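The structure appears right after this line, and notes come after that.
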Amino acid sequence: MKILTICSVAFLATLASNAHSQEKGTTVESLLKIQDKKILEHKLDSLIHANEKGIYTVINYYAEKRDYTRYDSVSALMPTLYPYGRAGSISMVRSIAELKDLKEVKDSVASFEQKYDKEFLDDAYLSAGIASSKQKASLPEAVAYVNKIKKTLQRITAALNTARYMEFHQSDLLEDYLKSEAKWRAENLSAAEINNQNYVPIFQDMEYAYSRLLQKQGNTDEALAVARKAYEMPIESMPEEQLYYLGLLFKHEQYEDAFPIVDALVKQGKGTIELKQQLATAYEKVYKKDAQAYIAEIEKNLNDAVEKDIVKYSVTQQVPDFEVLDTKGNKVSIADFRGKTIVIDFWATWCGPCKKSLPAMQRTANLYKEDKDVAFLFIHTWGRSEGSLAEAVKYFKENNYDMDLYMDNKQDDGSFKAAEAFKVRGIPQKYVVDKNGVIRFAAAGFSGGEEAAVVQLQSMIEKTKKF
């Protein structure tokens, strides 16, 4: 579920940044001109203890001097010296969003209203709405907090968060809420605000939420009409929303509208087996001829692009020794796979890009099921709980993945030995190792293109097999 709390956090960061810059051109410049160290230290100390504006000035001064040690130490004084000021308010806003008890939320908001910087009051209401939305029973309280918000960005962000939680909880309140929010926008926002590029993604998400509700209710015609409106907004839809809209178009046999969308996705390397089948159907319906040659040309172009791109992932380094556990608790080391081409994928159940990459990994693994000289190691690392093994096994089972799963468990010293041996800095992280134990390719992240990922990894494997 996509919950848009990021808008509020970004907004707060912008305000804090603005607070710094507002003082910069006057007091900071004068501080930079002071040559006498004793006078400077006295002035800095006086500013720190004068008021919050003063401490921001000192923080800006150290930023200008690139003295980040003192920058951090002075920043750390903010909550103690000025607990109800700008920094304290930002901290309180963030903490409210994490609360689980409804009474604590209510009491925290009341405290904020009485003591904290009113400039952030709408952000406090937004956070209270998020906290209240996490429980189905308190969704009405979340709506009440949303309705208190005056600033447009916070208001529409909070409304979308609440709608998303209603959808997640399968609440009966969702339909009336989406309609009431549409009415609020029509009555309270100007044309310029409706078309504001910062707001359009939020409005688009609201429309898609309404479309999904209509589809669930069996009203597929209106669901398509609303999804079309969302898709045609002046911003590109998210990949999952494009797929949703595409599904509606195929359901209504609107192949001419569907073709350019599925065609673009497949050409971008984002094709799945299902999408390629849809492309063939749309092509044949629109152009009245077999799609085989057309799709073959797309695949050739994609292969050519991957071949050109793959060079940047090429490395030559010895694979480190490491040990992991299989799902039965048996120790497994790199020595167990000597003489084989090895694909190593570091991932975790909490990692969104990791999980999105797994369908492509499964498709690639399937291509080599009969090849005894190629081995795949899917190593779960950086687990956040003692139940990481159970979570990983459950995730594979729920998604029908039959790939070889291994665990890089957290050690007593807090480390994850396998990831540490490879110096992994982010996941997903993939390595392709030749039969002599030399890493030939290393690739981090996942771009979201399933077909491109399959083609890329297959090419890496085939090149590595030649060593």
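Being a predicted model, the structure only gives us computed values, none of them experimental. Only heavy atoms go into these numbers, but all of them, side chains included; no hydrogens, no water, no symmetry mates.
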Any idea which heavy atoms bring Ala443 and Met460 closest together, and the distance?
-> CB-CE, 4.3 Å
Taking every heavy atom of Thr272 against every heavy atom of Arg363, the minimum-distance pair comes out as CA-NH1, 3.8 Å
For Asp408, enumerate each residue passing the side-chain hydrogen bond (donor to acceptor under 3.5 Å, both in side chains) test, keeping only those at least two apart in sequence or located in another chain.
-> Thr381
Could you tell me whether Lys463 and Glu307 make a salt bridge, using a distance below 4.0 angstrom between a side-chain N and a carboxylate O?
-> yes
Should Leu367 and Val454 count as side-chain neighbours, where that means a heavy-atom distance under 4.5 Å?
-> yes
Asp117 side chain to Glu119 backbone, donor-acceptor under 3.5 Å = yes
Output, in order, the C-alpha distance, side-chain angles, deciding distance and verdict of side chain to side chain contact (heavy atoms under 4.5 Å, CB included) for Asp345 and Leu358.
-> CA-CA 10 Å; Asp345 181 15; Leu358 288 177; 4.1 Å; yes
Do side-chain atoms of Asp67 reach the backbone of Tyr62 as a donor and acceptor pair under 3.5 angstrom?
-> no
Hey, is NZ on Lys355 packed in by over 12 heavy atoms from elsewhere, all under 6.0 Å?
-> yes
When rounded to the nearest 0.5 angstrom, what distance separates CG in Asp336 from CG in Leu377?
-> 9.0 Å
Gln204 side chain vs Tyr231 backbone, donor-acceptor pair below 3.5 Å | no
Residues, nucleotides or ligands: over 12 heavy atoms within 6.0 Å of Asp36 CG | yes
What pair of heavy atoms forms the shortest contact from Leu302 to Gly269, and how long is it?
-> CD1-CA, 4.0 Å
Apply ring pair (Phe, Tyr, Trp, His ring centres under 6.0 Å) to Phe422 and list each qualifying residue two or more places apart in sequence or on a separate chain.
-> Phe322, Phe346, Tyr431
Just by distance, with hydrogens left out, do Tyr125 and Glu113 show a side-chain donor and acceptor under 3.5 Å apart?
-> yes
Lys118 NZ: over 12 foreign heavy atoms closer than 6.0 Å | yes
Aromatic plane relationship, Tyr116 with Phe112 - under 30° parallel, 30 to 60° tilted, over 60° perpendicular | parallel
Kindly give the heavy-atom pair with the smallest separation between Met78 and Tyr56, and that separation in Å.
-> CE-CZ, 3.5 Å
Taking atom CG of Asp413 as the centre, does the number of heavy atoms from other residues, nucleotides or ligands within less than 6.0 Å exceed 12?
-> yes
Looking at side-chain heavy atoms only, is the closest gap between Glu386 and Lys410 below 4.5 Å?
-> no
Side chains of Asn301 and Lys267: does their closest heavy-atom pair fall under 4.5 Å?
-> no
Considering non-hydrogen atoms only, spot the tightest contact between Leu126 and Ala158 and give its length.
-> CG-CB, 3.9 Å
Determine, stepwise, if the pair Ile344 / Phe337 fulfils side chain to side chain contact (heavy atoms under 4.5 Å, CB included).
-> CA-CA 11 Å; Ile344 299 171; Phe337 302 95; over 6 Å; no
Side-chain heavy atoms of Ser357 within contact of Lys430, under 4.5 Å | yes
What closest approach, in Å, do Ala97 and Ile130 show between heavy atoms, and which atom pair accounts for it?
-> O-CG2, 4.3 Å
Atom pair CG (Leu160) and CD1 (Ile156), whose distance is rounded to the nearest 0.5 Å = 8.5 Å
Decide if atom CD of Gln170 counts as having more than 12 heavy atoms of other residues, nucleotides or ligands within a radius under 6.0 Å.
-> no
Heavy-atom donor-acceptor pair, Lys134 side chain to Glu98 backbone, under 3.5 Å = no
Taking Ser108 for the side chain and Ile96 for the main chain, is one N or O donor matched with an acceptor at less than 3.5 Å?
-> no
What distance separates Leu153 CG from Lys151 NZ, expressed to the nearest 0.5 Å?
-> 10.0 Å
Taking 4.0 angstrom as the limit, do Glu41 and Arg70 come out as a salt bridge?
-> yes
Could you go through the salt bridge (charged side-chain N to carboxylate O under 4.0 Å, His left out) check for Arg86 and Glu52 one step at a time?
-> CA-CA 8 Å; Arg86 181 177 297 272; Glu52 192 174 22; 5.5 Å; no
Straight-line distance of Ser211 OG to Met206 CE, nearest 0.5 Å = 14.0 Å
Just list the side-chain donor-acceptor pairs under 3.5 Å for residues 99-106, sequence neighbours left out, or say none.
residue	atom	partner	partner atom	Å
Asp101	OD2	Lys103	N	3.1
Asp101	OD2	Glu104	N	3.0
Lys103	NZ	Asp107	OD2	2.8

Just checking, is any N or O donor in the side chain of Asn366 or Gln362 under 3.5 Å from an acceptor N or O on the other one?
-> yes
Ile235 vs Phe203, side chain to side chain contact (heavy atoms under 4.5 Å, CB included): CA-CA, chis, key distance, verdict | CA-CA 11 Å; Ile235 186 172; Phe203 301 150; over 6 Å; no
N/O donor to acceptor pairs below 3.5 angstrom from side-chain atoms of residues 388-399, sequence neighbours left out:
residue	atom	partner	partner atom	Å
Ser388	OG	Ser385	O	2.8
Glu391	OE2	Ser385	OG	3.1
Asn399	ND2	Tyr395	O	2.9

Pick from Ile342, Thr341, Val315: which one makes a side-chain contact (heavy atoms from CB on, under 4.5 Å) with Val432?
-> Thr341
Side chains of Pro359 and Tyr401 in contact at under 4.5 Å (non-hydrogen atoms) = yes
According to the interplanar angle, ranging from 0 to 90°, do the rings of Tyr71 and Tyr68 count as parallel (below 30°), tilted (30 to 60°) or perpendicular (above 60°)?
-> perpendicular
For Glu181, enumerate each residue passing the side-chain hydrogen bond (donor to acceptor under 3.5 Å, both in side chains) test, keeping only those at least two apart in sequence or located in another chain.
-> Arg155
Identified side chain to side chain donor-acceptor pair (under 3.5 Å) partner of Glu451 from the options Lys276, Gln456, Lys270 = Lys276
Is the Tyr165 ring parallel, tilted or perpendicular to the His169 ring (thresholds 30°, 60°)?
-> parallel
Applying the side chain to side chain donor-acceptor pair (under 3.5 Å) test to Asp434, which of Lys340, Arg440, Lys465 qualifies?
-> Arg440
Polar side-chain atom of Thr157 near backbone of Gln154 as donor-acceptor pair, under 3.5 Å = no
Quick check: does any side chain N or O of Tyr177 sit under 3.5 Å from a backbone N or O of Thr162, one acting as donor and the other as acceptor?
-> no
Verdict with reasoning, Tyr61 to Thr57, per side chain to side chain contact (heavy atoms under 4.5 Å, CB included) | CA-CA 6 Å; Tyr61 169 77; Thr57 302; 5.7 Å; no
Got more than 12 heavy atoms from elsewhere within 6.0 Å of NZ, Lys43?
-> no
Has the side chain of His380 got a donor or acceptor atom that lies under 3.5 Å from a matching backbone atom of Leu405?
-> no
May I have all residue pairs that pass ring-ring contact (aromatic ring centres under 6.0 Å, His included) and include part of residues 136-161, sequence neighbours excluded?
-> none
Enclosure of Glu462 CD (heavy-atom neighbours >12, cutoff 6.0 Å) = yes
Do Leu275 and Glu450 have side-chain heavy atoms sitting under 4.5 Å apart?
-> no
